[in-house]
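Below you'll find the structure, written out as structure tokens, and then a few comments.
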Amino acid sequence: SAVISQKPSRDICQRGTSLTIQCQVDSQVTMMFWYRQQPGQSLTLIATANQGSEATYESGFVIDKFPISRPNLTFSTLTVSNMSPEDSSIYLCSVEGGGQGVAGELFFGEGSRLTVL
Amino acid sequence: GNSVTQMEGPVTLSEEAFLTINCTYTATGYPSLFWYVQYPGEGLQLLLKATKADDKGSNKGFEATYRKETTSFHLEKGSVQVSDSAVYFCALNTGGFKTIFGAGTRLFVKA
């Protein structure tokens, strides 16, 4: 298992500003995943962050809007840039269980709830 | 492409009622299947999983059986409690880095 801490847990932001979300894992992991959960919706994968290389973005998400850093095996950040009200969502950091776990067996942080005014 | 379809909510039940939340999937290959639960104000937690046909995942009184012939993974619990009120997500993974989630089903359990 993995324990994941995210900061901030929630924030209210002004249109046009940027916010960086931090994700700390209590063990070393190869891959970290960033998801977006829009109000009342399911989870959508934004990108996969691998330490030492650029993140891989899913269709519909671009690096200029959602830059990601992955400086080491326990930490990652996601920045939501030039925010608009449409970016109001919960952003979730996730890792796979590893070891005896299977692909898709994910552990999640508590999420960062962003409201953009 | 791969997808997950689950029944729309909300589902409202009285305490001790029987719960079924339907989930069907479309996938190439042989996916692993999962149910995740999201309690109010929290992130998602893995509830149970099944990795091959006819496997039954179980946890906390919840069960789901991997049915390849019907491409289904329905979640069941014999007697729900108020504390089971949450959003339940069915999900699949075909072995890569991308897990596909269903839309989620909100469950309300009344005392």
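Each chain gets a letter, A, B and so on, in the order the sequences are listed, and its residues count up from 1.
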Carboxylate-amine/guanidinium contact B:K60 B:D84, below 4.0 Å: no
Using non-hydrogen atoms and a 4.5 Å limit, figure out which bit of [X] sits close to chain B: side chain, backbone, both or neither.
| X | result |
| --- | --- |
| A:L45 | side chain |
| A:L92 | side chain |
| A:E58 | side chain |

Side-chain (B:Q45) to main-chain (B:Y39) donor-acceptor, under 3.5 angstrom: no
Between B:L46, B:L92, B:T94, B:L44, which shows the greatest number of heavy-atom pairs under 4.5 Å with chain A? B:L44
Among B:L33, B:V87, B:N93, B:T51, who wins on heavy-atom pairs under 4.5 Å with chain A? B:N93
I'd like to verify something: which residue of A:G40, A:S42, A:G111 has the highest number of heavy-atom pairs under 4.5 Å with chain B? A:S42
Have a look at A:Y35 and tell me which of A:Y91, A:F108, A:F61 forms a ring pair (Phe, Tyr, Trp, His ring centres under 6.0 Å) with it. A:F108
If hydrophobic clusters are built from ILVMFWY residues whose side chains come within less than 4.5 Å, do B:V4 and A:L43 share one? no
Please work out which of the three classes, parallel, tilted or perpendicular, describes the rings of B:F101 and B:F89, given edges at 30° and 60°. perpendicular
